[in-house]
Amino acid sequence: MIRERPLMKLVLYVSSSTGDIDRIVEQVRTFLSARGVDESALRVVDVARHPARAEAERILATPTLVKIAPAPVRRIVGNFADPDAVASALGLDMAKPQ
Amino acid sequence: MKEAEEPAGNRGMRAAVAASPEPTGPPVQSHPDMLHALVQVAADTVGARFAALVHVGPDGHGLEVVESVGLEKGALEALRAAEAPAAWRRLGEPWNSGEGRAEVPFLARTGASSCSVRPTAPAPDHGPLLLFGDAGLPGDRETALLDALVRTAGSLALARDIAAPLTRAMEAVEGGITLVAARAPDMPLVYANERFSELTGFPPEEIVGRNCRFLQGGQRDQPGIDALRAAVAAGRECTALLHNVRRDGSGFWNEVHVAPIAGADGAPEWYVGVQRDVTERESLRAGLARERAEFRRILHESSNGVLVLDEDGAVLYANPASEAMLGRSASALESESFGVPLDDRTGPTEITIKRDAHDGGRPGIAQLNVTRTEWNGEPAWLAELHDVTARRHAEDAARRMAWTDPLTGLGNREFLREELEQAVITGAEEDGRCVGMLLLDMDRFKEINESLGHAEGDRFLIEVARRLQSTLRDNDLIARFGGDEFAVLLGRVKEVDSVTRVADKVVEAFHEPLQVGDRRIKASCSLGISLFPGDADTAAGMMKHADAAMYAAKRAGGSGYQMFRPDFVERAERRLAVDQGLADALAERQFVVQYQPQVALGACPRLSGVEALVRWNHPERGLVPPGEFIEELEELDLIGELTRYVLDEVCRQIAAWSGDRRTPSSLCNVSVNLSARELRSEELVSALAAIIDGHGIDPGRICFEVTESAAASDFVQATHTLGALRELGARIALDDFGKGYSALNYLRVLPIDTVKIDREFIRDLPGDASSTAMIRAIVEMARGIDKHVLAEGVESFGQHELLQEIGCDFAQGFLYGRPSPVDGLPTGDTLHLSGSDGS
């Protein structure tokens with residue numbers, strides 16, 4: 001019997017005013033799809049367009065990826081190119097899905 | 001101030017001294033050394049041979065030796081075995097050296113000759129008492145001290161415990177010990193041990209009786225002194241750090257622990273002090289503090305942001321630079337979550353930061369460097385932020401440079417495209433607005449450029465830019481796309497008419513010649529106009545459509561504008577396809593040469609030669625006539641290559657024909673077309689000569705045809721080039737005569753052999769009288785200047801007969817044969833006339 005994966009919720013904060021956001025979003029999507037996580041688990045917030053939201057969430061720098069679920073909340077900032085580093089920093093188990 | 005007389009017993013004091021129990025709160029811990037010290041001080045005070053603190057039970061029974069100094073083991077045991085003499089129990093007087101003596105049997109074991117007892121108040125008949133051997137008679141001061149000591153020792157002994165402050169004092173037993181009289185004027189020092197003298201360099205005799213401030217060496221303003229004064233005033237115990245001065249003037253750090261010893265009334269009567277030289281520790285501490293300050297200063301002044309983050313990415317420390325970079329104060333940052341930093345080991349990771357107000361709070365860019373570290377013993381992240389915003393802005397500026405046309409200072413194609421995109425987006429949001437794009441190409445620029453030379457050609461373009469700038473409004477964007485192509489962007493236009501008005505203005509602006517150096521150059525331009533949203537809804541579409549419209553304006557003769565029409569698209573696309581295919585076609589030798597017979601008219605017409613005509617054997621479209629690609633090849637600057645290719649083919653064919661006896665020799669007279677551009681090429685003559693020579697062909701077999709308009713466009717150059725070709729031995733024919741400028745003078749001056757009359761004059765023959773008259777005149781005139789005449793486009797026998805009758809030398813046309821590959825050519829000199837009759 002297949003154990004149901006825990007619901008995952010992530011928010012990616014990027015800034016279109018300075019950064020190459022497409023590349024970053026793509027990196028995170030690739031990371032998620034490699035782990036069998038559906039794209040709908042990820043929300044992308046452009047802080048250049050929604051500065052108030054970034055302020056409310058106290059985002060200090062972008063890109064920042066916040067894992068809201070499963071608990072505990074973890075946030076990572078900087079370079080998301082290395083999937084293992086991202087997984088470990090987010091506190092997700094390292095085992096990739098079959 | 002009354003100086004105390006110095007008791008003999010004050011000399012040679014040995015013991016450490018402690019102070020009174022804490023006035024409030026219970027004693028906390030027994031400390032045998034403390035009692036030992038008290039007993040020692042008591043012994044020293046009265047110069048006794050021995051001293052013992054003895055506890056006497058009720059009724060004089062249960063004598064217990066609590067502490068002693070100067071008693072041998074045997075004497076101590078003897079004392080312990082003794083009953084407390086009854087006299088001790090009656091001791092009401094503070095001091096009685098006589099009464100107890102006889103009743104102390106252990107005295108013999110002590111080496112002392114007398115024994116005196118001092119009871120502790122308030123229970124003279126039992127409780128603790130001090131026992132001295134051979135004690136001197138104490139003076140007033142000693143008596144008071146003894147009272148205090150006995151009281152203290154008594155209460156300590158009663159409690160069998162010792163208070164914490166005393167413990168601390170005793171722990172510092174290696175320190176210097178001082179005793180100060182609290183109630184005497186100016187609180188004089190009454191006792192100092194040897195260690196104190198070693199520490200400070202002051203012998204006791206120099207300092208006893210003086211206030212301890214002699215140690216301060218004038219350094220009154222110290223926080224430690226204030227703390228000490230406050231404690232003394234309050235009767236409290238206190239530890240203070242003082243910077244003191246030794247006898248030799250050297251400074252040292254003195255950690256003083258001071259505790260009060262209460263008098264009978266409970267108020268402090270004495271202060272006992274323990275002094276410790278902590279100079280080494282303090283200098284170490286100062287060094288550490290300096291180092292820390294130094295590090296702090298570096299972090300403080302660093303322009304790099306430094307963050308220490310815990311394992312979850314929460315900020316533990318933030319330096320001022322990071323405050324500026326993240327737009328928050330350090331105190332606001334500490335407790336915020338920055339996030340676990342991930343950098344790229346292979347190169348810099350850039351993150352977007354919010355910079356503080358001095359930059360208008362605009363986002364900046366920082367390079368992130370991450371190191372694993374420890375913070376207060378816990379694993380942590382060290383994140384360094386290096387602000388590269390300024391560098392990025394500089395790069396942006398460089399990128400902006402990439403949007404400028406360096407020759408004219410106008411924007412370039414990229415610039416206009418960006419602006420157009422913005423305008424289209426803005427225009428799309430504002431109803432009723434349209435955006436106009438004008439694409440402008442100078443007419444005959446190639447000729448101008450080649451006749452002026454490139455340097456002057458550039459100056460010409462600069463003048464064009466100036467003319468455009470002076471004609472247009474400031475907010476109309478002008479760009480140079482490269483070459484002689486310019487573009488104008490008219491944003492937020494209310495109506496189409498205003499766009500065409502601008503186009504009219506631009507066309508008119510060039511009616512006035514341009515001043516280039518000392519030359520005045522007549523110029524004109526062709527404009528193509530496309531509109532948003534009417535013609536296209538994207539920037540790319542507008543540019544494409546303006547281009548198509550511009551070509552239409554060119555085709556219409558130049559010096560004017562053309563609004564975009566949908567049918568231009570197809571034509572433009574075809575042209576684009578041609579452009580793309582032509583270069584490949586040349587490389588892949590897709591061009592084929594066909595030959596059309598030329599005929600010598602006479603009583604019996606016969607073949608006189610052929611004209612080589614090039615066709616593009618397009619892989620999909622089949623044979624494409626030259627009208628569809630010659631002009632494009634000229635623009636692509638590939639026409640010379642095609643001519644060399646054709647001449648090479650022709651020479652090869654002539655060589656082949658020459659070796660074939662069945663071929664009529666007149667076939668070997670081949671005409672080859674040269675374009676106007678080629679006439680201006682310096683290398684043309686030598687290149688063509690090399691090809692002819694390479695095939696070993698008689699140059700007289702080749703006739704180069706140039707159009708009348710090509711020769712007229714640069715008459716001097718044409719005369720020169722054609723003359724050179726003629727000197728090679730080649731013949732020259734003037735093509736399309738009568739179609740263009742038709743200056744009769746050209747015929748006289750140009751080095752030509754044959755005049756080819758344009759097909760338009762032949763078309764209406766033989767019925768049209770005026771055409772007949774013109775042809776007659778041309779033939780007549782040509783003969784007068786010793787040129788041959790060839791009639792083009794002869795399609796009917798009637799035309800043929802008339803031309804024969806007029807006396808035209810040669811003819812060419814479908815009547816004699818269409819252009820065809822080699823195998824379709826006549827095999828004999830005599831022709832079968834195949835054309836239609838024309839009637």
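A note on names: the letters A, B, ... follow the listed sequences, proteins ahead of strands, and every chain is numbered from 1.
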Let me know if B:Leu385 has heavy atoms under 4.5 Å from chain A in its side chain, its backbone, both or neither. neither
Are B:Arg328 and A:Leu60 close enough that some pair of their side-chain heavy atoms sits under 4.5 Å apart? yes
Which pair of heavy atoms, one from B:Ile351 and one from A:Pro63, lies closest together, and at what distance? CG2-CD, 4.2 Å
Turns out that what part of A:Val86 lies under 4.5 Å from chain B's heavy atoms comes down to both
As an exercise, state the distance from CG of A:Asn79 to CG of B:Leu342, rounded to the nearest 0.5 Å. 7.5 Å
Less than 4.0 Å between a side-chain N and a carboxylate O, is that true for A:Arg74 and B:Glu311? no
B:Thr352 side chain near A:Val14 side chain, heavy-atom distance below 4.5 Å: no
Between A:Ala89 and chain B, with a heavy-atom cut-off of 4.5 Å, which part of the residue counts as in contact: side chain, backbone, both or neither? both
To the nearest 0.5 Å, what is the distance between CZ (A:Arg58) and CG (B:Leu333)? 10.0 Å
Does A:Arg75 use its side chain to pair, donor to acceptor, with the backbone of B:Phe338 at less than 3.5 Å? no
Value for CD1 (A:Ile76) from OG (B:Ser337), rounded to nearest 0.5 Å, stands at 11.5 Å
Portion of A:Glu55 that has a non-hydrogen atom of chain B nearer than 4.5 angstrom: both
Between A:Ala61 and B:Ile353, the two heavy atoms sitting closest are CB-CG2, 4.2 Å
